Number of protein chains: 2
Amino acid sequence: MPAENNCPHNAALNCSKCRLNAICLPLALEQSEIVQLDEIVQQGRPLQRNQHLYREGDAFNSIFAVRSGAVKAYSISDNGEEQVTGFYLPGEILGMDGIGQNRYASSAQAMEVSAVCEIPFIKIEELSGRLPNMQKHFFKLLSQEIVEDQRHMTLLSKHTAEERLASLLVSISARNARRNLSASSFHLPMSRTDIGNFLGLTIETVSRVFSRFAKQDLIDINKKEVYVIDIDALKRIALIEK
Amino acid sequence: MPAENNCPHNAALNCSKCRLNAICLPLALEQSEIVQLDEIVQQGRPLQRNQHLYREGDAFNSIFAVRSGAVKAYSISDNGEEQVTGFYLPGEILGMDGIGQNRYASSAQAMEVSAVCEIPFIKIEELSGRLPNMQKHFFKLLSQEIVEDQRHMTLLSKHTAEERLASLLVSISARNARRNLSASSFHLPMSRTDIGNFLGLTIETVSRVFSRFAKQDLIDINKKEVYVIDIDALKRIALIEK
DNA sequence: CGCCAGATTGAGTCAAGTCAAGCATAGTGG
DNA sequence: CCACTATGCTTGACTTGACTCAATCTGGCG
């Protein structure tokens, strides 16, 4: 399991020094603006495995950035089934589904020991009113979540089990690479159940497809430890050919 | 087919007088603010059936509100298949997926003769910087689209063909009711192909399920004309029981 | 050590897909 | 005005990928 350096659980770090800021705060912001953001970001908030960050229906006050660990967002449909709507890795932001109704539309739960930064939304609004770049940034964040979700819709409605799973592996690999972690060797923070609920498959199918990929020498997998042998083949299967 | 009164193709109407503004501009805005919005909204823009409003990859400049008719948004996946990501009826807003990358992530096409209002995004940003209510409104709009998309993910990944189709019928019925049109008798603006592409089903399955619903006396359907006989049963099937 | 939760594997089933034929309606051109 | 074509919709017969049910395996922990 890759260890995080410069202790991610250290609450004293601020955004301007955070090595994840290239992911949280892309381009648009100037140094002076980041300093202002620092003042509203509340750090700390270590979460134990399975602990909830918020629950569906809770009053919405803040969005969160994952600093370390991994968090899943899910909602419970009327028939009681869990639909995982997203996995959030360090540098990624969640909770934006709460803005519309002033209540979170999903629950967020740590899949492993995690730390998050909390950003009160009222402060974001205030800051966005003053700093055009900040406003632009949050509009973009929201829009990108929409695009992500729409891509996921396509995955769910048009793709086979193999394509879905390959797509997830490629995605996690790429997101690890962006954090300067290995793109080929990593730990899956989520259970088979979570993967199934995210991809619209049963755990048995997830397990079978992983086994098939292993048999074809595309990956080595042992429980949650993955070693990607042939990323190009996975990309081809995932139909991410561009 | 229900006719639109107070001519929807009339470009001279402005937001403050538009009878759809309760849908486009819920609550938050004050009269004086709506007047400012009026100044940036460009009207007119009649679209012929099948005409595109924008295409995936086009430079993003504006979001659009449907004034009359019906528009679908879709994207073409790498394997060349069309995924319909949403249907937009009068009063509904589309194009927000373009903000993140400054290019539209999907294409938008009129399914019947339609009219749309164009709202240049740069003006929205400017106005949102000045008017906190306006900023709040657009944050909400974006967030609600996220919630919608996530609900649709659940539909695609966990529900049967009957549940999906019942859900679409209930949704269209409710959206018609919101516009003071009949909730029980309406015209489907989209083809079976579009419905299938939206719901992750083949046209044959869509057709068969409609026939089944008709046989069970839940609806009367003839091509695109629908008469809902038992909306409660459809809601039960759609699992929208709350 | 024994228990439990999570993961794997196998066998059989089924909902929705594929393939194919036929029907209905609208538009075109002679 | 009608025959012809194109497009969209419906229906039937068959196939299949993923699901269900069930058994077994694995590793961590009290």
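First the proteins, then the strands, lettered A, B, ... as listed; each starts at 1. Being a predicted model, the structure only gives us computed values, none of them experimental.
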Between [N] atom [atom2] and [X] atom [atom1], what is the distance in whole Å?
X	N	atom1	atom2	answer
A:L201	C:dA15	CG	P	18 Å
B:K224	C:dA26	NZ	C1'	12 Å
A:L155	D:dA18	CG	P	12 Å
A:R192	D:dC25	CZ	C1'	14 Å
B:N222	C:dC23	CG	P	17 Å
A:I219	C:dT8	CD1	C1'	14 Å
B:K223	D:dT10	NZ	P	6 Å
B:E162	C:dA15	CD	P	10 Å

| said: Heavy atoms only, 4.0 Å cut-off, all strands: where does A:G196 land among base, sugar-phosphate and nothing? | reply: nothing
| Do we see a donor-acceptor contact under 3.5 Å between the side chains of A:Q150 and B:S75? | no
| request: Salt-bridge test for B:R178 and B:E92: reply yes if a basic N is under 4.0 Å from a carboxylate O, no otherwise. | output: yes
| About how many Å separate CD1 of B:I146 and CZ of B:R151, when rounded to the nearest 0.5 Å? | 13.0 Å
| remark: Between the NZ atom in B:K72 and the OG atom in B:S114, the distance rounded to the nearest 0.5 Å is 12.0 Å
Just to confirm, is there a sub-4.0 Å distance from OP1 or OP2 of [N] to any side-chain nitrogen or oxygen of [X]?
X	N	value
B:R208	D:dT10	no
A:S207	C:dT9	no
B:S211	D:dT10	no
A:T202	D:dC19	yes

| 5'-most by nearest nucleotide on DNA chain D - A:E204 or A:A161 | A:A161
| said: Any non-hydrogen side-chain atom of B:D194 less than 4.5 Å from a side-chain atom of B:Y74? | reply: no
